[in-house]
2 protein chains.
Amino acid sequence: MNTVPSQETTPSAGHWRSYAPLDLHPILMHAMRAFNEQGYHGTSVRDIAGRVGVTVPALYYHYENKQALLATLLETSIKDVLDRCRAAAREAGDDPLARFCGMVESIVLYMAHRRQLAFLDTEIRSLEPQNRARYVALRDYLEHMLLDTVEEGRAQGVFTTPIPADAVRSVLVMCQGVANWFREDGPLTAEEVAERHVLLSLGTVGHPAAVAGDVVLPFPRRTPAGRGAASRASSG
Amino acid sequence: MNTVPSQETTPSAGHWRSYAPLDLHPILMHAMRAFNEQGYHGTSVRDIAGRVGVTVPALYYHYENKQALLATLLETSIKDVLDRCRAAAREAGDDPLARFCGMVESIVLYMAHRRQLAFLDTEIRSLEPQNRARYVALRDYLEHMLLDTVEEGRAQGVFTTPIPADAVRSVLVMCQGVANWFREDGPLTAEEVAERHVLLSLGTVGHPAAVAGDVVLPFPRRTPAGRGAASRASSG
DNA sequence: GGGGACTTACTGAGCGTTCGCTCAACGTAG
DNA sequence: CTACGTTGAGCGAACGCTCAGTAAGTCCCC
């Protein structure tokens, strides 16, 4: 069966910014939560079944095994980021600066809105080689997309970093990091976090205007300053 | 017993840059490797004992339980980073720019030279609340140190980021990220990676000179360009 | 519209294995 | 003779997973 969320693939403009409540098969939903709280190996099949409110065999009726749960979740997740990032890039057109900003925004929005799915990235180690290979290939593709944009921007003099590959990896790492600390009830909305990370990322790839302070992004805040990192809780 | 590495705390200048081969009690060493490869819950006590070449009870003679192995490893690790980072900051003196660069360099050097220890950071979730609290407190202290420096630099006009707290968190995330992908046999040495991350971090906190290209760091390379991310292997 | 064939979603029981951990006993070095 | 470091044997509990079986629905044929 492997019922998967409808994936929200309507092609309307800016659709990559909109997030309906996560709609996963109940088994996947509870597996995701359990894996987040206890990790893959720390979660038993009985635990997942218990959360769902069914027996263990019912779970095996829907999914081949425990591994398939994780693989399905991770693949669902990376494909959604990739789709949204591609949509953002398409919408931004050919200008490397706009593309870069759109891609970073889309990725960070995902990390915040789909935090629990995105956080499972820490569990790739628990994927069997074949599943991991598929996942890593998709993640590499995302990195490749971003790197192409940065290198084009560099050719046009928009980005000044002498080390685009390292810059892109760092940008992705810090975007991914959002899934580690973002909390819905924190001081910043997902949109604000995305905006801030666009600015930070521009600095990382060396966009002079951003660093000189010439790029003025609106920073609507729910708290006056910025220091309070909401819940620093180091992870699940 | 809980034999712990000699910690290399000689107070000579720049000592935070030097890394002797990791010298851990064999049990800790093999536990570290196993946790890296399979995660905490994915590793059995029997597996660790087997790697060490002793029986299970021998292991329990030296460490209270499996949890103590992880807690000891993580605490050893974070304390070492903290010591080195403090030493780097002390050596840099009062100038915020120099302090910031030194601290970032020291952290990245640690992530590369002590990759296997640093990578265990992904296992904090498996720490019991008490152990986790201690670990997180130390990590927060590190973040606080860096934030103070950045805010002082901001007051002096050295850093222009309007969001220092977010910038610092991002910098730390991207430093920590080094432990995920760095390989000793990759195209870059630990020192080169540290240097590059100093530059990237300067961009992230908005150091204008870095982004304008005025800060020229030497970039000795083992490979001509930079794109090749060595082994991207997503994790352990 | 009644009935056989088939499917979907699920259950209780339990398989064999492995888990973290313990205990009594042992050789050896000081 | 004592303390240290280790061992073989094994505890109870939990693990991932499978089995045979069943209630309820859907389908199409006549």
Side-chain angles (χ1 to χ4, degrees), chain A residues 1-6 23-74 120 123-132 236, chain B residues 1-5 23-75 120 123-132 236:
Chain A
M1 273 290 95
N2 287 19
T3 314
V4 144
S6 52
D23 177 32
L24 286 176
H25 187 291
I27 291 178
L28 283 181
M29 187 73 102
H30 286 99
M32 175 190 73
R33 289 183 188 146
F35 291 159
N36 266 315
E37 291 166 21
Q38 305 153 335
Y40 177 73
H41 287 298
T43 300
S44 72
V45 175
R46 282 169 178 79
D47 179 18
I48 299 171
R51 290 166 184 247
V52 180
V54 297
T55 58
V56 170
L59 212 134
Y60 279 92
Y61 173 78
H62 291 283
Y63 294 92
E64 193 190 349
N65 50 28
K66 187 182 166 186
Q67 170 79 196
L69 291 174
L70 179 62
T72 303
L73 284 167
L74 277 171
L120 293 178
E123 292 295 341
I124 29 175
R125 162 177 48 195
S126 302
L127 283 178
E128 286 158 9
Q130 186 173 312
N131 294 327
R132 175 159 61 224
Chain B
M1 279 289 97
N2 287 17
T3 315
V4 145
D23 177 32
L24 286 176
H25 188 291
I27 291 178
L28 283 181
M29 188 71 105
H30 286 99
M32 176 190 74
R33 289 182 189 147
F35 291 159
N36 265 315
E37 291 166 21
Q38 303 152 336
Y40 178 73
H41 288 298
T43 300
S44 71
V45 175
R46 282 168 177 80
D47 179 17
I48 299 171
R51 289 166 183 249
V52 180
V54 297
T55 58
V56 170
L59 211 134
Y60 278 91
Y61 174 79
H62 291 284
Y63 293 91
E64 193 191 349
N65 50 29
K66 186 182 166 187
Q67 170 78 193
L69 290 173
L70 180 61
T72 303
L73 284 167
L74 277 171
E75 212 145 322
L120 292 177
E123 291 294 339
I124 27 174
R125 164 178 47 195
S126 302
L127 282 178
E128 285 158 11
Q130 186 173 313
N131 293 328
R132 176 161 59 221

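Here is how names work: the chains are called A, B, and so on, in the same order as the sequence lines, proteins then strands, and each is numbered from 1.
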[X] has an atom [atom1]; how far is it from atom [atom2] of [N], in whole Å?
| X | N | atom1 | atom2 | value |
| --- | --- | --- | --- | --- |
| A:D47 | D:dC15 | CG | P | 8 Å |
| B:E64 | C:dG20 | CD | P | 15 Å |
| A:Y61 | D:dG21 | OH | P | 18 Å |
| A:I48 | D:dC17 | CD1 | P | 10 Å |
| B:Y63 | C:dG20 | OH | P | 17 Å |
| A:Y60 | D:dA20 | OH | P | 17 Å |

Choose from [options] the nucleotide whose nearest atom is closest to any side-chain atom of [X].
| X | options | value |
| --- | --- | --- |
| A:K66 | D:dT7, C:dC19, D:dC17 | D:dC17 |
| B:H62 | C:dC10, D:dC17, D:dT6 | D:dT6 |
| B:P57 | D:dT6, C:dG20, D:dG8 | D:dG8 |
| B:V54 | D:dG16, D:dG5, D:dT7 | D:dT7 |
| B:N65 | D:dG5, C:dG20, C:dC21 | C:dC21 |

Ignoring hydrogens and geometry, is there a side-chain-to-backbone donor-acceptor pair from B:E128 to B:Q67 under 3.5 Å? no

To the nearest 0.5 Å, how far apart are CG in B:L59 and CD in B:E64? 13.0 Å

Does OP1 or OP2 of D:dC15 have a side-chain N or O of B:H41 closer than 4.0 Å? no

Within the structure shown, what part of the strands sits under 4.0 Å from A:S44 by heavy-atom distance: base, sugar-phosphate, or nothing? sugar-phosphate

For the residue pair A:L73 and A:L120, what are the closest heavy atoms and their distance? CB-CD1, 3.7 Å

Basic-acidic side-chain contact under 4.0 Å: A:R132, A:E123: no

Apply side-chain contact (heavy atoms from CB on, under 4.5 Å) to the pair B:Y40 and B:L127, showing each step before the final yes or no. CA-CA 9 Å; B:Y40 178 73; B:L127 282 178; over 6 Å; no

Residue met sooner reading DNA chain D from 5', once B:R46 and A:R46 are mapped to nucleotides: B:R46

